[in-house]
S.K.: 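I'd like to ask some things about the structure below.
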Amino acid sequence: MMKIDKAPVPLIVPNPDDPRLTQSVVGVDQAGARIETKVPMERPLTLYLNAQEIVTMMTIGDYPEYLALGYLLNQNMLKYSDVVTEVEYDDDLQVVVVRTSHHTNFEAKLKKRTQTSGCAQGTAFGDLLEAVESVALPKAELRTSWLYQMTQTINTMPSLYLEAGAIHGCVLCKEGTPLCYTEDVGRHNAVDKIAGWMYRHGVEASDKILYTTGRLTSEMVIKTVRMGIPILVSRSGFTAWGVDLARQVGLTLIGRTRGKRFIALAGEERIVYDQNLAYVEEESAKHKRKGEGGDD
């Protein structure tokens, strides 16, 4: 839990009307007609841990403090027991600095980089398996009534993806209720924002569900495990390594969740089938999200 002053836990939702997050661009369509469309912004954000530069990330630019904290936690550069004294963001310089009560040195991790399946960033520092070697995820259950309530609520919420496309989303849920919904150009950034938000506000992970619009890759499994969340759900598909890792650590992994349908490939013992499918509606076409046409 965070060692600086806690704030009341807010509900974070996408704000597609925020003018800082999109830009209007003029072009032509398939018929040669002139069109104007919105596209997401993509800005560099340089992260420092104390006096050491760690990485420059490409992000839409919202919640830089949460993104910085979550990135460091999910890369195992920041421990949950560490004392964070300050998180400082400079909008002009596009720099965020996380300061701790003790100095840290991550030269060894910085030298060892692993290319991942994440979009827009694609690099993890250190040993990818370090976070899952001795993990013990909490016992939990996933009622199908919660799953359908959760996905229907998410699919009908405003989002930057529906406004401008080219965006991934991640949502932290308790039972069927979304608590924190973040978006970014890469799903790794979106989930890191949630990790930082949870850490900043001391949010318990053991009874939560993480939902993502992106693929269920090894990277997403490891980040979910690092956060201590026992259930990971996506509207998109799986990778083989993602499934293998989820089975090793006992993570419930559910994909291709659209309308009445879903597939569980790991941790299915947590599922409680309490929902009558006759009362579940199929997904409306106007609310389709990323992953609808395939496993992207």
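Computed from a prediction, not measured in an experiment: that's the story for all the values here. Atoms considered below: every heavy atom in the structure, side chains included; atoms not considered: hydrogens, waters and symmetry mates.
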S.K.: Decide whether V97 and M57 are clustered together by the hydrophobic rule: side chain heavy atoms of Ile, Leu, Val, Met, Phe, Trp, Tyr closer than 4.5 Å, transitively.
M.R.: no

S.K.: Keeping D90 on the side-chain end and Q94 on the backbone end, is there a donor-acceptor pair under 3.5 Å?
M.R.: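 Not confirmed, D90 side chain does not pair with Q94 backbone.
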
S.K.: Which residues pass the side chain to side chain donor-acceptor pair (under 3.5 Å) test with T59, not counting sequence neighbours?
M.R.: D184

S.K.: Would a hydrophobic clustering, with Ile, Leu, Val, Met, Phe, Trp and Tyr connected at side-chain separations under 4.5 Å, put L11 with I154?
M.R.: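 In one cluster with L11: I154, yes.
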
S.K.: Just so I know, are the side chains of V221 and L216 near enough to count as touching, which here means a heavy-atom distance under 4.5 Å?
M.R.: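 They are not in side-chain contact.
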
S.K.: Verify, without hydrogens or angle tests, whether R187 (side chain) and H168 (backbone) share a donor-acceptor contact under 3.5 angstrom.
M.R.: no

S.K.: Quick one: salt bridge (Lys or Arg N to Asp or Glu O under 4.0 Å) pairs with a partner in residues 168-177, sequence neighbours left out?
M.R.: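 Matches after skipping sequence neighbours: K174-D207.
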
S.K.: Check the pair Y181, L172 against side-chain contact (heavy atoms from CB on, under 4.5 Å), reporting the backbone distance first and the verdict last.
M.R.: CA-CA 6 Å; Y181 185 168; L172 183 73; over 6 Å; no

S.K.: Quick one, Y161 and T213 - any side-chain contact, counting heavy atoms below 4.5 Å?
M.R.: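 Not in contact.
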
S.K.: With side-chain contact (heavy atoms from CB on, under 4.5 Å) as the test, would you mind laying out the steps for L253 and E268 before giving the verdict?
M.R.: CA-CA 8 Å; L253 197 66; E268 54 267 32; over 6 Å; no

S.K.: Do N50 side-chain atoms and T100 backbone N/O form a donor-acceptor pair below 3.5 Å?
M.R.: yes

S.K.: Report yes if some heavy atom in the side chain of T144 is under 4.5 Å from a heavy atom in the side chain of I271; otherwise report no.
M.R.: yes

S.K.: Evaluate the ring planes of F262 and Y148, with Trp represented by its six-membered ring, and classify them as parallel (under 30°), tilted (30 to 60°) or perpendicular (over 60°).
M.R.: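 Judged by the thresholds at 30° and 60°, the geometry between F262 and Y148 is tilted.
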
S.K.: Quick check: closest heavy atoms across S218 and L245, and the distance to 0.1 Å?
M.R.: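 Scanning both residues completely, I find the closest heavy atoms to be CB-CD1, 3.6 Å.
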
S.K.: Going by salt bridge (Lys or Arg N to Asp or Glu O under 4.0 Å), name the pairs with one or both residues in residues 142-164, residues two or more places apart or in two chains.
M.R.: K38-E163, E141-R143, R143-D274

S.K.: Quick one: pull up CG in D29 and CD1 in I35 and give me the separation to the nearest 0.5 Å.
M.R.: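 Going from CG on D29 over to CD1 on I35, the span is 6.5 Å.
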
S.K.: Do Y63 and W197 make a side-chain contact, defined as non-hydrogen atoms from C-beta onward lying under 4.5 Å apart?
M.R.: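 No, their side chains stay 4.5 Å or more apart.
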
S.K.: CD of Q23 to OG1 of T37: how many Å apart, nearest 0.5 Å?
M.R.: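 Taking CD in Q23 and OG1 in T37, the distance rounds to 11.5 Å.
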
S.K.: Kindly compute the distance separating NZ (K208) from CD1 (I231), expressed to the nearest 0.5 Å.
M.R.: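 One gets 11.5 Å once the value is rounded to the nearest 0.5 Å.
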
S.K.: Could you report the tightest heavy-atom contact between M220 and C170, atom names first, then the distance?
M.R.: CE-SG, 4.3 Å

S.K.: Would you find a donor on one side and an acceptor on the other, under 3.5 Å apart, between the side chain of R261 and the backbone of R256?
M.R.: no

S.K.: Do V225 and L232 come close enough that some side-chain heavy atom pair is under 4.5 Å?
M.R.: no

S.K.: Taking atom CD as the centre, does E281 end up with more than 12 heavy-atom neighbours from other residues, nucleotides or ligands that are less than 6.0 angstrom away?
M.R.: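 Not more than 12 within 6.0 Å, no.
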
S.K.: Give the minimum heavy-atom separation between V84 and V98, together with the two atoms involved.
M.R.: CG1-CG1, 4.2 Å

S.K.: Going hydrophobic residue to hydrophobic residue with side-chain gaps under 4.5 angstrom, can you get from V83 over to Y48?
M.R.: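 In one cluster with V83: Y48, no.
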
S.K.: Test of understanding: with side chain to side chain donor-acceptor pair (under 3.5 Å), list the residues that count as partners of E204, not counting sequence neighbours.
M.R.: S206

S.K.: Is there a side-chain contact between H188 and Y71 (heavy atoms, below 4.5 Å)?
M.R.: no

S.K.: Are V95 and L67 co-members of a hydrophobic cluster defined by side-chain heavy atoms under 4.5 Å apart?
M.R.: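 No; tracing contacts between hydrophobic side chains, which count when under 4.5 Å, never links both residues.
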
S.K.: Any non-hydrogen side-chain atom of L142 less than 4.5 Å from a side-chain atom of I209?
M.R.: yes

S.K.: When you check the side-chain N and O atoms of T252 and R270, is any donor under 3.5 Å from an acceptor?
M.R.: yes

S.K.: Can you get from Y279 to Y273 by hopping between Ile, Leu, Val, Met, Phe, Trp and Tyr side chains that sit under 4.5 Å apart?
M.R.: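 In one cluster with Y279: Y273, no.
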
S.K.: CD of E219 to OG1 of T224: how many Å apart, nearest 0.5 Å?
M.R.: 10.0 Å

S.K.: What pairs with D91 under side chain to side chain contact (heavy atoms under 4.5 Å, CB included), at least two apart in sequence or on another chain?
M.R.: Y89

S.K.: What closest approach, in Å, do G70 and A195 show between heavy atoms, and which atom pair accounts for it?
M.R.: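 Shortest heavy-atom contact: CA-CB, 3.8 Å.
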
S.K.: Go through V171 and M150 one step at a time and tell me if the side-chain contact (heavy atoms from CB on, under 4.5 Å) criterion holds.
M.R.: CA-CA 9 Å; V171 190; M150 177 183 76; over 6 Å; no

S.K.: Suppose the criterion is salt bridge (Lys or Arg N to Asp or Glu O under 4.0 Å): which pairs have a residue in residues 11-20, not counting sequence neighbours?
M.R.: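 Sorted pair list: D18-R20.
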
S.K.: What pairs with V28 under side chain to side chain contact (heavy atoms under 4.5 Å, CB included), at least two apart in sequence or on another chain?
M.R.: none

S.K.: Share the residues that join V39 in a hydrophobic cluster, the rule being Ile, Leu, Val, Met, Phe, Trp or Tyr side chains under 4.5 Å apart at the heavy-atom level.
M.R.: V25

S.K.: Please answer whether the main-chain N or O of L160 pairs with a side-chain N or O of E183 as donor and acceptor at a distance below 3.5 Å.
M.R.: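 Pair found, side chain donor or acceptor close to backbone of L160.
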
S.K.: Quick one: do the T56 and T46 side chains pair a donor with an acceptor below 3.5 Å?
M.R.: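 Side chains of T56 and T46: pair found under 3.5 Å.
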
S.K.: Just jot down the salt bridge (Lys or Arg N to Asp or Glu O under 4.0 Å) partners of R247, sequence neighbours excluded, or say none.
M.R.: none

S.K.: Scan for salt bridge (Lys or Arg N to Asp or Glu O under 4.0 Å) pairs involving residues 60-76, sequence neighbours excluded, and state none if there are none.
M.R.: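 Listed once each, the pairs are D62-K193.
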
S.K.: When you look at V13 and M157, which way does the side-chain contact (heavy atoms from CB on, under 4.5 Å) test go after all the steps?
M.R.: CA-CA 8 Å; V13 295; M157 292 172 69; 3.5 Å; yes

S.K.: If you round to the nearest 0.5 Å, how far is CE of M198 from CE of M227?
M.R.: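 CE of M198 is found 5.0 Å from CE of M227.
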
S.K.: Would K260 and E283 count as a salt bridge (charged side-chain N to carboxylate O under 4.0 Å, His left out) here? Give the steps.
M.R.: CA-CA 8 Å; K260 299 183 179 186; E283 188 174 84; over 6 Å; no

S.K.: With side chains defined as the heavy atoms from C-beta onward, is the minimum distance between K223 and L210 less than 4.5 Å?
M.R.: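 SC-SC contact between K223 and L210 ruled out.
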
S.K.: What are the two closest heavy atoms between M58 and V185, and how far apart are they?
M.R.: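 Looking at all heavy atoms of both residues, the shortest contact is O-CG2, 3.5 Å.
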
S.K.: Would you give the length of the straight line joining atom CG of L265 to atom CG of L251, rounded to the nearest 0.5 angstrom?
M.R.: 11.5 Å

S.K.: Taking side chain to side chain donor-acceptor pair (under 3.5 Å) as the definition, give me every residue that meets it alongside S234, ordered by chain and number, with sequence neighbours left out.
M.R.: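 Checked S234 against side chain to side chain donor-acceptor pair (under 3.5 Å); zero matches.
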
S.K.: What's the shortest heavy-atom distance between P14 and S159, and which atoms?
M.R.: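 Scanning both residues completely, I find the closest heavy atoms to be CB-CA, 3.9 Å.
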
S.K.: What residues, two or more places apart in sequence or in another chain, satisfy salt bridge (Lys or Arg N to Asp or Glu O under 4.0 Å) together with E88?
M.R.: R99

